[in-house]
Amino acid sequence: MLTGKLLKRVIVSTATVTLCLSCSSLGADGYRPKLLISKHPSRYDFAGEELKFRLYWTIFHVADSSSKVTPLKGGRLKLWGKISTAGVASWFKKISDEGYSIWNLKTLTPEKTYLFQYEGHYQRERVYTYDLKKRVVKYEKINPKKHKVEVKYIKIPFIPFEDIVTSTYFFRKYGRFKVGAETVFPLFAGGRFQNVSFKVVAKEKVETLFGKIEAYKVIPSNNLSPEGAFERKGKVVMWFSADERHLPIKVEAEVAIGSVSAVLVDAKGRGFDLRKEYEKVRKRNFLQQILSGEVGGD
């Protein structure tokens, strides 16, 4: 039975899947940063992009997620995302998590990250401010109900680095999208820094709500894993479209209890609408079938 406590873990796990995945074994003393990225980054402009995902635990639709990219002054982007309960999960207490990062495109590093968790009566805010001049992260853990604030400072060992919000965008733009290629960069999550890697293992056509899309199949490093009851027990697999947009089409993760997944259901940006694009392709293919005699006739 899908209990309220189990449901909360389900939502947290699927939420992290849509961004990156939470780090379960983060660095120790002697951490050595590593940066292995493409020499020819994608020219795709994230500004104005809007994505929507449907999230599942096994066969159950448990949440919906959306993200939006807003351009700011000074060569920066605001990367916003939200996830809330849906489907079978709506029978239980409401869970709504929201957050954003301000990403500097010159330094390729986040300037500030804000995360807000609203899970029933539980509320928590986390604010990360990255001071690149002093090389320090100011981490504020806020309890809105008790008006309590805990502050912690963490040393920044290397620039550039990413956080759990900017990491997917960084990989989409600077990832080495070639079968067999690996991308490595520093990630800040859970209050610590760790190198993470993404390896492209195949290029294949993936069935989606929009039709078949050619995509790169990517396997992230072992230190990217949902936590607790949803601790990773097998591979986490991600699929990114094989064009310059590198849209995150699908994510699947085997966990201790079943599996979690996130499926792209809508995507828009400057000059494109994925639904309209593939509707045109579908109509063109149908017309070609008619002209060739594959459809219709006696």
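Ring to ring, Y169 and F46 are close: their centroids are under 6.0 angstrom apart. Between F185 and F171, the distance separating the two ring centers is not shorter than 6.0 angstrom. In this structure, the ring of F158 has its center no less than 6.0 angstrom from the ring center of Y31.
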Give every donor-acceptor pair under 3.5 Å between a side-chain atom in residues 133-142 and any protein atom, sequence neighbours left out.
none

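No donor-acceptor distance shorter than 3.5 angstrom exists from the side chain of S38 to the backbone of R176, with no hydrogens or angles considered.
A 4.5 Å side-chain heavy-atom check between V201 and V179 finds every atom pair outside the cut-off.
L115 and F193 end up in the same hydrophobic cluster when Ile, Leu, Val, Met, Phe, Trp and Tyr side chains are linked at under 4.5 Å.
Among all heavy-atom pairs drawn from L51 and L264, the shortest one is CB-CD1, 4.1 Å. Among all heavy-atom pairs drawn from K250 and V263, the shortest one is CG-CG2, 4.4 Å. In terms of heavy atoms, P186 sits closest to K34 at CD-O, 3.5 Å.
Between R43 and E244 there is a salt bridge, since a side-chain N of the basic residue sits under 4.0 Å from a carboxylate O of the acidic one. Taking a cutoff of 4.0 Å between a charged side-chain nitrogen and a carboxylate oxygen, E277 and R275 do not qualify as a salt bridge.
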Intermediate values then yes/no, side chain to side chain contact (heavy atoms under 4.5 Å, CB included), K173 and H246: CA-CA 8 Å; K173 190 168 185 67; H246 298 140; over 6 Å; no

Stepwise side chain to side chain donor-acceptor pair (under 3.5 Å) check, S261 with E252: CA-CA 4 Å; S261 61; E252 293 182 350; 5.9 Å; no

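Y216 and F177 have tilted rings, their planes meeting at an angle from 30° to 60° on a 0 to 90° scale.
Under the side chain to side chain donor-acceptor pair (under 3.5 Å) criterion, Q123 pairs with no residue, sequence neighbours left out.
Y128 pairs with exactly one of F188, F161, Y114 by the ring-ring contact (aromatic ring centres under 6.0 Å, His included) rule, that one being F188. When each of K268, K78, K68, R172 is paired with E49, the salt bridge (charged side-chain N to carboxylate O under 4.0 Å, His left out) condition holds for R172 and for no other. Applying side chain to side chain contact (heavy atoms under 4.5 Å, CB included) to N195 and the options L187, V184, L36, L35 leaves one that passes, V184.
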